[in-house]
Amino acid sequence: MEVKPVSGVPITLNELRLWYGETPVLRGINAQMPARKVTAVVGPSGCGKSSMLRCINRMAELTPGARVAGSVLIGKRCAYARGVDVTEVRRRVGLIAQRPTPLPMSIFDNVAYGPRIHGIRDKEQLHSIVERALTSAGLWHEVRDRLWASPHTLSIGQQQRLCLARGLAVEPDVLLFDEPTASLDPVSALRVEQEILALKRRYTCVIVTHNLQQALRIADYAIFMHKGEIAEQGPAEQVLRSPTHAYTQAYIDGSGI
Amino acid sequence: MIGRRAVDRVFRMGAMLVTASVFGGLLSVVAWTAAKGLGTVTWCMLTQTPAWSYYLGGGGGIANAIVGSACLAAGATLIALAVGVPCALYLGTYARGSRLAELVRASLETLWGVPSIVVGAFGFALMVWLGLKPSLLVGMGTVALLELPVIVRSIDEVMRTVPSELEEASLALGATRAETATRVIARQCMPGAVTGTLLAFGRGIGDAAAVMLTAGFTDAVPRSLTDPVATLPLLVLYQLGSPVDQVRQRAYGACLVLTLIVAATSLASRLVWLRLARHVAR
């Protein structure tokens with residue numbers, strides 16, 4: 001089986017601002033998310049973590065009244081540059097949501113959905129893409145005998161890995177995870193964490209999480225956000241174990257690491 | 001505290017009794033129709049048109065009404081779908097949450113509640129005004145009006161239950177809005193839409209009042225849209241009013257045929273639903 005060539009690219013946010021109507025949600029974010037590393041984004045609820053993630057693959061603008069300013073560089077190209085194809089940005093930047101959302105089709109078709117959208121019709125090619133994606137998501141051996149079954153026959157943890165496989169099948173450069181384990185039991189969550197660790201060899205991963213233990217387990221870098229701004233960023237160990245900013249300090253003390 | 005368990009038990013018994021009587025009532029209608037009608041249903045009756053002496057107890061059958069009803073209800077359902085689907089899509093997408101949408105929904109619910117004789121009278125008035133004669137086409141149009149609210153509201157309702165996460169999941173993979181609508185949202189809505197459509201078909205085929213003044217009646221199988229057409233509910237009505245005992249008996253046969261068509265439609269809708277709903281999130 002061929003393995004996707006190493007292609008993860010860094011993400012650079014420059015003065016990224018987001019408003020929902022008149023309400024500012026992101027107030028000028030400057031951040032670096034290095035290639036082929038896991039960057040954890042932590043912070044209290046409502047601080048703009050998920051909104052920032054949704055700006056990176058241009059999902060934020062789907063909310064009525066949303067307005068984005070600043071730039072998001074994926075590799076060298078700005079996702080908001082004039083003439084950029086939004087669907088291409090979203091293909092290159094996968095987003096795995098908090099709750100698994102299988103599409104109303106079989107397990108196979110769920111994974112093949114993206115490649116089909118992007119024009120792949122050849123059956124053998126689709127099959128090899130599906131197998132590769134499911135293998136990368138650590139699900140192949142559990143579903144190989146029931147590819148045509150409903151995704152709703154899978155456990156929630158398996159469904160989440162199916163959504164991961166679906167995102168991998170379109171060959172992205174970047175994977176965004178929005179609290180991917182929040183609705184999973186500890187065993188399934190650990191499983192997803194392991195997949196993320198395996199995936200960072202090939203992709204740039206950004207994960208929003210409330211779980212600081214999890215951030216410490218899997219992240220290389222960490223960004224701490226507070227009220228739409230970045231309070232602190234740097235190597236995960238440093239930000240999460242010995243923060244310099246008062247907000248970070250208070251948040252981490254409160255969560256009792 | 002002893003009282004709570006007793007109340008619970010009484011409540012459960014009561015609910016069970018009511019459910020049993022509802023089910024028993026429905027079953028007895030079907031059983032009664034079958035008992036009265038089964039003796040008169042023959043192969044000839046299903047495949048032949050009435051002979052000249054049919055309404056006096058002579059030979060022939062009711063193929064004119066079976067074919068007529070099937071054509072009329074199918075045509076009406078197609079018209080209702082052609083108008084109803086775009087309307088439901090508009091309500092569920094562009095007009096989502098707007099005042100206009102609420103107004104349209106309220107009107108559709110009112111139209112749903114309007115007695116079919118009123119719809120029939122409206123269709124008749126319109127027909128006279130347009131200078132048309134009672135025919136398959138006018139009947140279809142009138143029955144379509146009867147079916148429209150069922151179709152629009154069922155599709156509208158099922159579209160409202162599509163989780164927004166599903167749409168986002170598709171868009172996040174780089175799909176366009178159109179691809180998302182046709183490949184994901186439509187698939188998610190299909191079981192509900194099919195059920196609604198067959199429900200509408202059932203309403204259309206069983207209605208006598210709407211077609212009485214608009215579709216006419218004839219002993220021949222319709223050959224064109226402008227021909228008058230016989231329908232099963234009207235056939236039942238006319239035969240029941242006959243002084244000839246044998247003809248009255250045949251009315252129950254026609255009842256049975258109509259009941260079986262409706263039952264087959266619901267069964268088909270159930271099967272289609274099961275097939276289409278396999279992968280749909282519930």
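Chain letters run A, B, ... following the sequence lines, proteins first and then strands; every chain starts at 1.
- B:M190 CE: 12 or fewer foreign heavy atoms inside a 6.0 Å radius.
- Note on A:R166, A:R116, A:E88, A:R92: by heavy-atom pairs under 4.5 Å with chain B, the leading option is A:R166.
- Of the inter-residue distances, the one linking B:E165 atom CD with A:Q98 atom CD reads 9.5 Å to the nearest 0.5 angstrom.
- Among A:V170, A:L95, A:L62, A:T153, the residue with the largest count of heavy-atom pairs under 4.5 Å with chain B is A:L62.
- The greatest number of non-hydrogen atom pairs below 4.5 Å with chain B, out of A:S150, A:C163, A:G167, is found for A:S150.
- Proximity to chain B is limited to the side chain of A:M59, based on heavy atoms less than 4.5 angstrom apart.
- B:L173 CG to A:R90 CZ: the interatomic distance, rounded to the nearest 0.5 Å, is 10.5 Å.
- Looking at A:V93, the atoms closer than 4.5 Å to chain B (heavy atoms on both sides) all sit in the backbone: N, CA, C or O.
- Heavy atoms of A:R54 lying under 4.5 Å from chain B belong exclusively to its side chain.
- By the neighbour-count criterion of 12 heavy atoms within 6.0 Å, atom CZ of B:F122 is sparsely surrounded, having that number or fewer from other residues, nucleotides or ligands.
- At a 4.5 Å heavy-atom cutoff, the contact between B:S170 and chain A is made by backbone and side-chain atoms alike.
- The contact between A:A149 and chain B is made entirely by backbone atoms, counting heavy-atom distances below 4.5 Å.
- For A:T87 against B:G174, the heavy-atom pair with the smallest separation is CB-O, 3.1 Å.
- Only the side chain of A:R99 comes within contact range of chain B, judged by heavy atoms closer than 4.5 Å.
- A 6.0 Å sphere centred on CZ of A:R77 holds no more than 12 heavy atoms belonging to other residues, nucleotides or ligands.
- Enclosure of atom CZ in A:R121 by more than 12 non-hydrogen atoms of other residues, nucleotides or ligands within 6.0 angstrom is indicated.
- Of the two parts of B:E168, the backbone and the side chain both hold a non-hydrogen atom closer than 4.5 Å to a non-hydrogen atom of chain A.
- For the pair B:R183/A:I117, a side-chain contact is recorded, criterion being any heavy-atom separation below 4.5 Å from C-beta on.
- Shown here for A:P102 and B:L166, the closest heavy-atom pair between the two residues is O-CD1, 3.4 Å.
- For B:R275, the CZ atom counts as loosely surrounded, since its 6.0 Å shell holds 12 or fewer non-hydrogen atoms of other residues, nucleotides or ligands.
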